[in-house]
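Okay, structure first, notes after.
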There are 2 protein chains.
Amino acid sequence: MTSPSRRNQQRLHLRRAILEAASRAFADKGYEQLSMRKLAAELECSPGTLYLYFRDKDELLRGVVEESFADLLKTLRAIPDEGDPVRHLKMKLRAYIEFGLRNPNHYQCAFMLPPPDTGERPYKPHPAFDELVQGLRTCVEAGLLPEMDLEMTSQVIWSCIHGLTALLIARPAFPWVVQDNLIDGLIETATAGIARPAATQTEGARHGISRTRART
Amino acid sequence: MTSPSRRNQQRLHLRRAILEAASRAFADKGYEQLSMRKLAAELECSPGTLYLYFRDKDELLRGVVEESFADLLKTLRAIPDEGDPVRHLKMKLRAYIEFGLRNPNHYQCAFMLPPPDTGERPYKPHPAFDELVQGLRTCVEAGLLPEMDLEMTSQVIWSCIHGLTALLIARPAFPWVVQDNLIDGLIETATAGIARPAATQTEGARHGISRTRART
DNA sequence: GGTCATAATGAACACTGTTCAATATAATGG
DNA sequence: CCATTATATTGAACAGTGTTCATTATGACC
């Protein structure tokens with residue numbers, strides 16, 4: 001345990017302290033309301049110090065958000081697979097939505113605000129998204145869902161669950177029906193929708209895909 | 001045409017000029033990047049003047065966003081009903097998404113950012129939302145969709161199309177499949193999903209609604 | 001033309017994220 | 001133990017932000 005390593009440990013310790021204070025402040029104030037100066041004051045250090053540990057506010061909050069999404073990944077992976085892949089998938093979808101509702105500011109930062117533009121190309125989907133793809137693949141392989149374009153279908157499903165999560169976060173005052181029913185309703189609709197991709201109850205409702213496009 | 005009315009006209013004229021300059025700036029810079037000072041500079045007036053016409057930045061941009069959503073409403077109502085209510089509904093859904101993609105900043109301000117908290121209770125859904133409800137109701141009344149909870153179903157459908165719109169806006173760098181296919185895929189999935197609310201291809205996939213809830 | 005309500009101004013206030021020369025602290029070599 | 005050197009911290013300063021308000025200019029009326 002040489003002396004420079006002790007120094008390094010102290011650095012890491014302060015880094016953690018900043019991250020945790022930022023996480024707390026961010027959780028109940030959100031991106032905009034969290035101020036680097038106030039954060040520094042809470043940590044009893046000068047504003048400049050924060051910039052020795054994080055390049056800027058964006059990088060700091062990216063760290064915070066990353067950590068919470070690692071939690072989401074753990075949550076998703078911890079959902080027990082009791083044999084029914086479709087049920088398993090639905091539970092994952094629900095866990096995703098509930099995560100967003102439990103961490104509205106983190107979720108908003110991750111998917112509802114313009115990206116911090118880290119510069120890394122190409123955009124790498126979060127491992128949590130792969131969980132969804134895997135869940136769908138398992139259903140297809142088990143013969144419980146029809147053969148389909150997995151890439152597109154997972155993007156469609158993600159869009160659906162994101163949409164509800166994001167709207168509940170952004171517009172809590174909207175006259176929503178009972179939230180639990182709404183979530184279940186959306187999950188059932190989305191999964192039923194991919195169960196039979198093109199068929200509906202009636203003749204007239206059966207269209208070629210491109211025919212729904214409105215003239216612009 | 002008394003004199004005070006001339007004054008009033010000038011007031012309205014300047015109000016319009018502000019609104020239009022703000023709309024332009026807002027369209028290509030977004031909420032955060034639009035600065036009241038720079039806007040005033042562009043209009044060759046002092047910053048304070050803006051506050052004689054709009055209480056604050058939020059109210060100004062609310063005005064801008066409202067106008068663009070009036071356009072959306074017009075667009076939705078202009079979609080011809082050629083007899084098939086389901087097709088008509090799908091075209092509305094697509095028009096909604098395309099509106100969001102054409103006006104990303106307006107859309108973001110309307111549904112992706114924390115509400116300005118105007119203080120008016122209760123939250124009144126936008127007439128464009130009623131268009132969607134109407135579209136669904138027509139389908140049900142024509143016997144093209146099963147009897148259902150219209151309120152919940154419209155919220156589910158809105159969530160789905162919002163989700164895609166919002167994600168395409170917020171994460172353009174994501175490796176999306178071809179956008180047109182994605183949009184059609186989502187619309188087909190959502191409408192097929194409500195076509196038969198609970199049934200899926202398999203035994204195992206048939207659950208009571210509350211059974212999909214994950215333990216937390 | 002003088003009076004008076006209304007409109008416009010722009011300096012000032014209280015913030016923001018970020019930078020950087022100056023300072024304090026800790027580790028090393030003599 | 002002290003001088004030197006490397007690292008860590010500071011806080012004033014910069015350039016911006018939205019917003020307010022006493023002051024000034026302007027157009028309308030008698």
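Scope of the values below: all heavy atoms of this structure, side chains included, with no hydrogens, waters or symmetry mates. Order of the sequence lines sets the chain letters (A, B, ...), proteins ahead of strands, with each chain counted from 1.
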Cation-pi check, A:K57 to A:Y31: give yes when NZ or CZ is under 6.0 Å from the six-membered ring centre and within 45° of the ring axis, no otherwise. yes

Just jot down the ring-ring contact (aromatic ring centres under 6.0 Å, His included) partners of A:F99, sequence neighbours excluded, or say none. A:F69

Take atom CG of B:L43 and atom P of C:dA8, then tell me their distance rounded to the nearest Å. 12 Å

Mind checking if A:L39 touches a base, just sugar-phosphate, or nothing, with heavy atoms under 4.0 Å? nothing

Side-chain (A:R171) to main-chain (A:W176) donor-acceptor, under 3.5 angstrom: no

How many angstroms lie between CG in A:L39 and CG in A:L34, if you round to the nearest 0.5 Å? 5.5 Å

So B:F174 and A:F129, would you call those rings parallel, tilted or perpendicular, with 30° and 60° as cut-offs? perpendicular

Between residues 17-29 of chain A and DNA chain C, which residues have a heavy-atom gap below 4.0 Å? none

Mind checking ring-ring contact (aromatic ring centres under 6.0 Å, His included) for A:F26 and listing every partner two or more places apart, or none if nothing turns up? A:H106

Rounded to whole Å, CD of B:E59 lies from C1' of D:dG18 at a distance of 14 Å

For A:F54, give me all partners under ring-ring contact (aromatic ring centres under 6.0 Å, His included), at least two apart in sequence or on another chain. none

Under 4.0 angstrom between A:Y53 side-chain N/O and D:dT9 OP1 or OP2: yes

Ion pair A:R15/A:E59, N-O distance below 4.0 Å: no

Readout for nucleotides 12-22 of chain C: B = base within 4.0 Å of protein heavy atom, S = sugar-phosphate only, - = neither; 5' to 3' it is B---BBBB---

Rounding to 10 degrees, work out the angle separating the end axes of the helix from C:dG1-D:dC30 to C:dA27-D:dT4 (five pairs an end). 20°

Show your reasoning for whether ring pair (Phe, Tyr, Trp, His ring centres under 6.0 Å) applies to B:Y107 and B:H162. CA-CA 10 Å; B:Y107 192 85; B:H162 165 77; 5.6 Å; yes

Rounded to the nearest 0.5 Å, what's the gap from CD1 on A:I97 to CZ on A:R94? Could you check? 7.5 Å

In whole Å, what is the span from the CG atom of B:L52 to the C1' atom of D:dT20? 11 Å

